[in-house]
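Letters go in sequence order (proteins before strands), and every chain restarts at 1.
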4 protein chains.
Amino acid sequence: MTRTGRPAGPASDTTATVLTAALDLLLAEGAGALTAQRLHQVTGVSRSTIYRHWPTPNDVLAALIDVAPSPRRQPSGDLAQDLHAEIDALCDRLRDKPVAAFLRALVAADAGLRHRYVEDLLAPVQAVLRDAGTPRAAAEDAVAAIVSPLLVDALLLDRPTARARAHRAVDLYLTEAAR
Amino acid sequence: MTRTGRPAGPASDTTATVLTAALDLLLAEGAGALTAQRLHQVTGVSRSTIYRHWPTPNDVLAALIDVAPSPRRQPSGDLAQDLHAEIDALCDRLRDKPVAAFLRALVAADAGLRHRYVEDLLAPVQAVLRDAGTPRAAAEDAVAAIVSPLLVDALLLDRPTARARAHRAVDLYLTEAAR
Amino acid sequence: MTRTGRPAGPASDTTATVLTAALDLLLAEGAGALTAQRLHQVTGVSRSTIYRHWPTPNDVLAALIDVAPSPRRQPSGDLAQDLHAEIDALCDRLRDKPVAAFLRALVAADAGLRHRYVEDLLAPVQAVLRDAGTPRAAAEDAVAAIVSPLLVDALLLDRPTARARAHRAVDLYLTEAAR
Amino acid sequence: MTRTGRPAGPASDTTATVLTAALDLLLAEGAGALTAQRLHQVTGVSRSTIYRHWPTPNDVLAALIDVAPSPRRQPSGDLAQDLHAEIDALCDRLRDKPVAAFLRALVAADAGLRHRYVEDLLAPVQAVLRDAGTPRAAAEDAVAAIVSPLLVDALLLDRPTARARAHRAVDLYLTEAAR
DNA sequence: ATTTAACCGAGACGGTACGTCCCGTCTTTAC
DNA sequence: GTAAAGACGGGACGTACCGTCTCGGTTAAAT
């Protein structure tokens, strides 16, 4: 096959326009607002174009997540310090909205996306534990006990994530592990 | 004033018909299916009637929750035993679907309903702890660490609730408290 | 079956509004304009309503035809006089537009409708001949020779129907039959 | 001046590809299918190219008609024989579809094209009569009476053209003229 | 037994969103 | 200079649902 003609370039800057607007919508009105119609109204980009590139709202959500930066921090080597730092970072992300909004959106969305996103969220903490030589099962218990309450705060109770409680949970785990 | 005519009774058994169908719908297709239209198709009850009694889908959801029995168990007095029993009961409820479905539905619904429902879910465990004289803050930490992972399993990770892990968490709390 | 509730009445006066507008549209812009969209723009009746009652443009056309009066004239008994009168009437109908417009519209429409309409158009002439005792085959030949040119004028050549020519054809038939 | 690049020729065999496909489409689905989009799907020729050469569906139709061969037969000199032969030829063309399809298409299309096409269709018969010295008015009457019924059969009644009736009409004209 | 208020079904109506399709224009690339 | 590929805005199409409404029937209490 000769593969002639203009190559399948993505959009122009349409992508940028739409996705930033989509993020705003997600934060302001929730996942239900990630509609072709709604995005059209907000961005002025035509409905056809939006359907062309993101046939379903789920596709918009996926694109948003792909764009979102997942920050990397380098470990100091000290388990306690690294754990506390990681938890602080997670609380920050949850407080600063997009992540919490993503979570709520994902409850109603594709299971694949949802799992991927949550695992990505848990990964850093799990990595710290594993680097410190924690056995796999114990690490998972710890992550669950420490991180899940934060997610529940953001997802179900609409309250600021209980940062202090999370740090207490970390300390509990550390003293337990030291024994 | 003569106050004659048929008194403003509720419906006949329409209520039962509609609400059981609504529960089925909720379990099978999610909260998005709790539509007047949809309920009409499924039950044969006319659209008008449904709008009359439950003007919005949220009202259907609320009615469903009000109907759902929240089981009461009487404490044996032994903290450890009671805690484990309560956790088992919660896992059962989450495994048997309706509760998990309610939770998913409520993520996208009215905040008031959501808070009420989650608190009701946590209440029994909290009650056991409080009856044993646990200080309020410690009790909340424990509940968070023990129950939240179960909710995350059901809501975000679509896995059967990790019953064993929950029991380990209970034990961890008990030994910690004993110290 | 108890047959309860409001009986399936047709529309209110929606029908009248829409159909008169439809006739105007048909005459002014041709069959292609008998669209739900177009009818909505012109009448203000909502698109939903139009789709409800006339799901396809063809249904509108059919309704129009059903409404259109097909005039009845009583025969004098004199073959020549009746034939000429019938032809004059037909020419009038073709000149006064709706019938010609219907014909053009029907070329692109449902075959059933088309046949019915054309037969209705030919029927009066055929009736006159049959009443005079003309054998069936001869009558059909005559009708074809006399009427078809008028239809072709209106349908394909966009010229006023050649009334004089039609009358000459009638005379030709009469003298031929007399022989 | 160096006159470089590909010379401004028309297309390669694109024209052939597209027009034959267009004819198939016309016969199979009617004039409404002569769309740039549709032609692209069927031929593989790109939409751009089609728009370049035939900006509107009408242009495709016109091109089709220009391509269609309008057969020429040489007169024997005998009026009766030539007339019958000409009518036979016309019936054949109407039976073999493309001509009938063209006619239907043209009812909804450009008036100019339509007139031209119909006149071309009538021309051979008219020519035979004129060559035999028939006065203009009489010739037009005869053509109308003989040919119009065939067109009505094909266009409005969807029946095979009544060849026998046409020949009878010819005979009627001939005896009438002989008198 | 009659009255009378409430319930219930059926459906008309306007409105909005959805997802698909087509249109016509354009830009970019390859030949 | 022609062709291919496709982005883009625009609009129609047919469907589905929504919420409101007006009717007509049915029912069950209160008189």
Can you tell me how far [atom2] of [N] sits from [atom1] of [X], to the nearest Å?
X     : N      : atom1 : atom2 : value
D/Q41 : E/dC21 : CD    : P     : 9 Å
D/W54 : F/dT2  : CH2   : P     : 13 Å
A/Y51 : E/dC21 : OH    : P     : 13 Å
B/H40 : E/dG11 : NE2   : C1'   : 10 Å
A/Q37 : F/dG10 : CD    : C1'   : 14 Å
C/E29 : F/dA12 : CD    : P     : 13 Å
D/L39 : F/dA4  : CG    : C1'   : 16 Å

(message) Just to verify, which of D/T15, D/L34, D/T49 counts as forming a side chain to side chain contact (heavy atoms under 4.5 Å, CB included) with D/W54?
(response)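 Looking at D/T15, D/L34, D/T49, the match for D/W54 under the side chain to side chain contact (heavy atoms under 4.5 Å, CB included) is D/T15.
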(request) From the options D/V18, D/L23, D/L26, D/L39, select the one residue that forms a side chain to side chain contact (heavy atoms under 4.5 Å, CB included) with D/V60. (result)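 The option that passes is D/L39.
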Name each donor-acceptor pair under 3.5 Å that joins a side chain in residues 61-69 of chain A to protein atoms two or more places apart or in another chain, with its distance.
residue : atom : partner : partner atom : Å
A/D66   : OD1  : A/R116  : NH2          : 3.2

(request) May I ask you to evaluate whether D/S46 reaches the phosphate of F/dA5, defined as a side-chain N or O under 4.0 Å from OP1 or OP2? (result)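 For D/S46, the contact criterion (side-chain N or O under 4.0 Å from OP1 or OP2 of F/dA5) is not met.
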(request) Kindly say if C/T14 contacts the phosphate of E/dA12, meaning a side-chain N or O under 4.0 Å from OP1 or OP2. (result)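 No, because none of the side-chain N or O atoms of C/T14 sits under 4.0 Å from OP1 or OP2 of E/dA12.
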Between [options], which nucleotide has the shortest distance from any of its atoms to the side chain of [X]?
X     : options               : answer
A/R52 : E/dT20, F/dA4, F/dC8  : F/dC8
C/R47 : F/dG14, E/dG24, E/dC8 : F/dG14
D/S48 : E/dT25, E/dC13, F/dA5 : F/dA5
A/H53 : E/dA17, F/dC8, E/dA10 : F/dC8

(request) Check whether any side-chain heavy atom of C/L25 lies under 4.5 Å from a side-chain heavy atom of C/Q41, and answer yes or no. (result)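 No, side chains not in contact.
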